J.: 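Take a look at this one; I'll ask things after.
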Amino acid sequence: MQNNASALQESVRRRSRAFSPKARHILYKSFTFLLVTLAFVIFYDWLCEGPVSGLFAMGKISRSVKGYFVPVCAWVVAAVSLNLVVGFSGELSLGHAGFMSIGYSTGIVVYNLLTKGYGWENIYLSMAVTMLAAGLMAGIIGFLVGIPVLRLRGDYLAIVTLACAEIIKSLLQCLYVSLDTTDGVRLLFAFPKNTLTGGTALLKGPTASAPIGTKGTTTDLPALYIIGFALVILTLFVVFNLTDSRTGRAIKSTRDNRIAAESMGIPVTRHKMIAFVTAAVLAGMAGALLANKSTYQPANFNLDMSIMVLVYVVLGGLGNVLGTIFSTTALYILPEELRFMKDYRMLVYALVLIFAMVLSNNPVIKGWVTSIVSLVKRRRKSINLFAEESRNAFAAGDDAQGANAREVLVIEDAGENETAVQPEAAEPDSNQAELPEEVPAEALAAQAGGRLTLERLYTADGTPLDDETQRRIELGLMLYEAYVDSGKGKKKGKKKGGGKA
Amino acid sequence: MDIMSVIINGLSIGSIYAIIALGYTMVYGIAKMLNFAHGDVIMVGAYTFFAAAHARNLNGPGGPFAAVLIAIVLCALLGMAIEFLAYRSLRQAPSLAVLITAIGVSYLLQNVMQTVMSLDGVDRFFKNVLGVVISENNDKPIFGADTKMITDLVNMQALDIHLSDTLTIPGLAIVTIAVNMLIVVLLSLFVNYTKMGKAMRSVSEDRSAAQLMGINVNRTITVTFAIGSGLAAIAGILYCAFPHELVPTTGSIPGIKAFIAAVIGGIGSIPGALIGGLLLGLVEQLSRSFLPVTELTDAVVYSVLIIVLLFRPTGLLGKKIHEKV
Amino acid sequence: MTERQEKQTRHSDTRMVPYPSKAIVPERDLNVAPILETHHLGIQFGGLKAVDDFNLIIGRSEIAGLIGPNGAGKTTVFNMLTKVYEPTEGSVIFDGKDMMGKSIVQASKLGIARTFQNIRLFNQMTVEENVRIGLHNQIKYTTATALLRLPNFWIKEHRQHKRALELLSIFGMEGMADVRAGSLPYGAQRRLEIVRALATGPKLLLLDEPAAGMNPHETEELMNTIARIRDEFNIAILLIEHDMSLVMGVCEGICVLNFGKVIAKGTAREIQNNPVVIEAYLGKQKEG
């Protein structure tokens, strides 16, 4: 009997580990990469009028959508990098546009320097160096900004990031850069007034800068697609590898509980700085990518833009990279496609935003969602927990047989002894000591507020359980878990001191 | 430009920032949220004043004062409505969610105003439904998507003080500074000596304890929003009289600046909002006069914030936050 | 007994240390330097002196207890030892080093670990991740290694995983390694905090009310576990506790605090019969 019990225990545990949280996470990351790659392949193919796009009936979509891919790449990178700061590091940054602005300006200067100045012809090489330079510059500024900013707390940090972005905007509005190719290649700088004469103006102070390359022509576009895709993949690599590592855990700990993290020997400011600077570098590279597609004035990289990216992040889910990709794409494309609504576009956007926030944070609605989710989700961990709890309960008395027997009692002899588990778990409104056998499973489900699903269970002699018994066991386990969680569990003694978790 | 006029201008605009900052600081102190939409309430107040001042058959002997009152009352109601509809259900939510909602409200206000002003026949609506005629002196319609100016409505030149041949203190500046001082004094008296004021102070210290003491937290927060928004209306009128153009986005920039001012002074502190506002206004006007390029003004103004926070992490008059370990 | 003495002498100072007569240090630790010494330690908040003239010596493998009524300043002492607060007077010598001016992070790296009165877990992270935070300074690799996923990353991650599970098995919690810490029942959260603190490889473990919310059965288990931890890890433990059965059952030396001042120090038996201590907890006995 005991051998069978432990074998059963093992088999239940083994099967329930099929999709352990670790495996699920790896699946999540792979899916993200696959999705991005797939999107690239489809769009690139469509752009080059290749065979694949026909399969997806891309012809039905308006041609203007082709112009979305590269900006969406840039905004996705901006949003995912902001998620690093807001979602993983737990700090609100209202100045992300500032780093994009630096990347943008640096990108323009460096790209023109390389192509018009030094005559580089390979767009991939030029853009690679440009983006590296842009990222580096943004990273340096990010580091300098981080020094005063990251020692502040909460709201103050947010306000100072806002202030820093405004300062950057203000300074860039006074910066004039032009390229002089008459006598060797030189970059001419002027600040704060435009005292430059001659040469090609690159950064023109408060007015829009010169674009990179030949904006918008299709000869450049396929290359840009590839570059955009490469940047997104790079971002995914960096963010995933950083957050799933020792450093990433340290960063997440500073978000969850600052003092506890410090007490564990983790330098909080340093780790917040790592997240902040990494995000700045990626945002700078995104800015450089944007320089290919649009002409912006420094004034465009303002609080409104920072907020736009923040909204992408919040609606995609803090700490959720895949979600951010979805939300950014949707929120970028929708306003463009809803142009017919023109005047009311922003109005609708604002209303949607308010509703989304209010509905997702309303406790009543949260309750509904939780019960729906638990109907669908498989709560495998609760099986293990149950096993451990009951084992611990008997371990002190070294009642190994008792532990196993108790577990087997619930799983195997479902029909007869299931009620031994249920009575103590009864909710206050049920006055019965034992639930009658004929209570249908659905009523129990309603009482417990959800469902738990297990792999098909087997009796000791190898026959699978029938549906009804299987369901009753699942519900029994779930009620037991709720009972343990509610604190009315096996603790027979009085509770002292402390509160509930 | 004479340094005295610059200083007067600085104190003048600083007073306006201070009045707006009071709204931010009160709401943050009591409801613990950053009301991003506050700046846009300013804009609504200015528009309301504009419309009310042009209401031909409503103007009694009070002249524009009636319009001011209407603007204040309307904005107070607007503030209460926003709190009830958007913020109340988010009391327990993480502050990021509240911030995003506030941003949504801000965009909403801007866009609603934009829509209303560009819709055809708004003046007919007012005339036929509300019985109010709103138009220019010569019956020209005033609604429309163009920028508005209210300088002719708020003409205070009669109050100018001529100190010398070159120096005149504009009447508007005097009124602005005086109004600001009056507001701060009245508000301080209100907060320190009235029952509602005490309720506001206790809710800002410890909301649950205040509830347990029988204080109606909902009512307290509603009053806070009402006061803050009413003050915003006054600030909006004064701001546009400075002069500034009146468009749906007019409120954003003074909103941000006033917010920064509130933080400089110590958010949650009423005298802090005053000091922060005046300081910011002075720095802004001084930089604008003495810097080679006006675009650099913003850089200086925002740097002040960073410098202050470096030395006083919770603002000049802010309270130190102690986390229990 | 000899084996333990050997363990002690292996990694600590063996010179004869004269202990002041008031120090309560177990015999086996008398020949080695104490792990912690505080001299006239005190802290003042504005006008209030939260802790005054606190003197304590803890032996290298001692289990010591710090008790007293609520508000006596016990957690404040912990905060001073872990450098969350900087004392306004007196000094702390930990493992022979003066702790003046050190930061929280430095204190942790020197070998002080603690749990918190109000549980401070990393709620959004799993149980195993919480323990691995404790291992942050024990099993290391650089960020660059992580970004490039070099072989050292995989080796160290696996090592951390194994060590984390090892540590969790002290309390039998290795099965819930992937559970989100915030969703654990209260007792499990308290135990996780202890495991996380142990993961930092400390020389002195500070436990702030470890038995809060536990029934007598669990408290007894905890008592055995604490003794086991001390034996296996060879560390000193200082507990704050209100549950007298735990304190009297497992502590070798007890220090009683009231209103920030030490009112008694001694072994369990001495403390139990000390009238000053009884008065502090129960109030003065009625005359007649």
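Since we're looking at a predicted model, the values are computed, not measured. Labels below follow one simple rule: chain letters A, B, ... track the order of the sequence lines, proteins then strands, and each chain is numbered from 1.
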J.: Name the member of C:Thr200, C:Thr143, C:Thr115 that forms the most heavy-atom pairs with chain A at distances under 4.5 Å.
T.: C:Thr143
J.: Considering all heavy atoms of both residues, which atom of A:Val238 and which atom of C:Leu147 are nearest to each other, and what is their separation?
T.: O-CD2, 3.7 Å
J.: Heavy-atom count check: over 12 atoms from other residues, nucleotides or ligands less than 6.0 Å from C:Met244 CE?
T.: yes
J.: Identify the heavy atoms of A:Ser245 and C:Phe153 that sit nearest to each other, and give their distance.
T.: CB-CE1, 3.9 Å
J.: Step through the shown structure and confirm whether more than 12 heavy atoms of other residues, nucleotides or ligands are within 6.0 Å of CZ on A:Phe143.
T.: no
J.: Below 4.5 Å from any heavy atom of chain A, which atoms of C:Ile139 appear? Answer side chain, backbone, both or neither.
T.: backbone
J.: May I ask you to decide whether A:Glu262 forms a salt bridge with C:Lys83, counting only side-chain N to carboxylate O separations under 4.0 Å?
T.: no
J.: Which answer fits C:His242, side chain, backbone, both or neither, if we ask what part of it has an atom under 4.5 Å from a heavy atom of chain A?
T.: neither
J.: Is atom NZ of C:Lys162 surrounded by more than 12 heavy atoms (other residues, nucleotides or ligands) closer than 6.0 Å?
T.: no
J.: Side chain, backbone, both or neither: which part of C:Thr82 has a heavy atom under 4.5 Å from chain A?
T.: neither
J.: Please classify the contact of C:Gln160 with chain A as side chain, backbone, both or neither, using a heavy-atom distance under 4.5 Å.
T.: side chain
J.: In Å, rounded to the nearest 0.5 Å, how long is the span from CE of C:Met125 to NZ of A:Lys252?
T.: 5.5 Å
J.: Contact between C:Leu121 and A:Asn257 at the side-chain level, heavy atoms closer than 4.5 Å - yes or no?
T.: no
J.: Looking at side-chain heavy atoms only, is the closest gap between A:Met264 and C:Arg196 below 4.5 Å?
T.: yes
J.: Select one option (side chain, backbone, both, neither) describing which atoms of C:Leu135 are under 4.5 Å from chain A's heavy atoms.
T.: neither
J.: Relative to chain A, which segment of C:Glu128 carries a heavy atom at a distance below 4.5 Å: side chain, backbone, both, or neither?
T.: side chain
J.: Taking A:Arg246's backbone N and O only, do any of them form a donor-acceptor pair with C:Tyr141's side chain (distance below 3.5 Å, no angle check)?
T.: yes
J.: Which atoms of C:Lys156 come close to chain A, meaning under 4.5 Å heavy atom to heavy atom: side chain ones, backbone ones, both, or neither?
T.: neither
J.: Can a donor-acceptor pair be found, under 3.5 Å and without considering hydrogens, that links the side chain of C:Arg149 to the backbone of A:Asn241?
T.: yes
J.: Pick from C:Asn130, C:Thr126, C:Leu110, C:Asn137: which one has the most heavy-atom pairs with chain A under 4.5 Å?
T.: C:Asn137
J.: Side chain from CB out, backbone as N, CA, C, O: work out which of these in C:Glu157 comes under 4.5 Å of a heavy atom of chain A, or both, or neither.
T.: side chain
J.: For A:His25, which atoms come within 4.5 Å of any heavy atom of chain C: side chain, backbone, both, or neither?
T.: neither
J.: How long is the gap from CD on C:Glu193 to OG on A:Ser263, to the nearest 0.5 Å?
T.: 9.5 Å
